[in-house]
Amino acid sequence: EAQGKKCAFGIILIDNGGSWCTGNQKPAIPLDFSTIKDIPYLEIDFNKKTEKEIYKILEAMKKSKNIFLLKINYYENS
């Protein structure tokens, strides 16, 4: 619906490998947002990006005229 109305906003999903709801559950189904058609999608590993690189990504999201989905993988041991 948002896409049909040409809404522009960013969605940031932070994946820490667990911590679903309140009990550190593991995902019941794998999350694969890359299959969503017509919505720009980027997946990054937080520990492999510099602060400047992350800033540039967030700035690009802010300037986007579309819906944009950013998945940030954040694992303590990576």
Next item on the list: First locate atom CG of Asp15, then atom CZ of Phe46, and finally report the distance between them rounded to the nearest 0.5 Å.
Entry: 14.0 Å
Checklist line | Whether Asn73 side chain and Glu43 backbone form a donor-acceptor pair below 3.5 Å | finding: no
Check: From Asp45 CG over to Lys71 NZ, what is the distance, rounded to the nearest 0.5 angstrom?
Finding: 9.0 Å
Check: Of all residues at least two apart in sequence or in a different chain, which pass the salt bridge (Lys or Arg N to Asp or Glu O under 4.0 Å) check with Lys52?
Finding: none
Item checked: Qualifying residues under side-chain hydrogen bond (donor to acceptor under 3.5 Å, both in side chains), relative to Lys65, sequence neighbours excluded -> none
Next item on the list: Could you list the residues that satisfy side chain to side chain contact (heavy atoms under 4.5 Å, CB included) with Ala2, not counting sequence neighbours?
Entry: Cys7, Phe9, Ile67
Notebook entry, point to check: Which atoms form the tightest heavy-atom contact between Ala8 and Ser64, and what is the distance?
Noted result: CB-O, 3.9 Å
Notebook entry, point to check: Which residues satisfy the side chain to side chain contact (heavy atoms under 4.5 Å, CB included) test with Ile57, sequence neighbours excluded?
Noted result: Leu42, Ile44, Leu70
Notebook entry, point to check: Out of curiosity, Ile14 CD1 to Asn16 CG, how far, rounded to the nearest 0.5 Å?
Noted result: 9.0 Å
Checklist line | Lys49 side chain near Ile72 side chain, heavy-atom distance below 4.5 Å | finding: no
Next item on the list: Could you grab the distance from atom CD1 of Ile54 to atom NZ of Lys48, nearest 0.5 Å is fine?
Entry: 13.0 Å
Check: Of all residues at least two apart in sequence or in a different chain, which pass the salt bridge (Lys or Arg N to Asp or Glu O under 4.0 Å) check with Lys62?
Finding: Glu59
Next item on the list: Would you check if Thr50 and Tyr55 make a side-chain contact, meaning some heavy-atom pair closer than 4.5 Å?
Entry: no
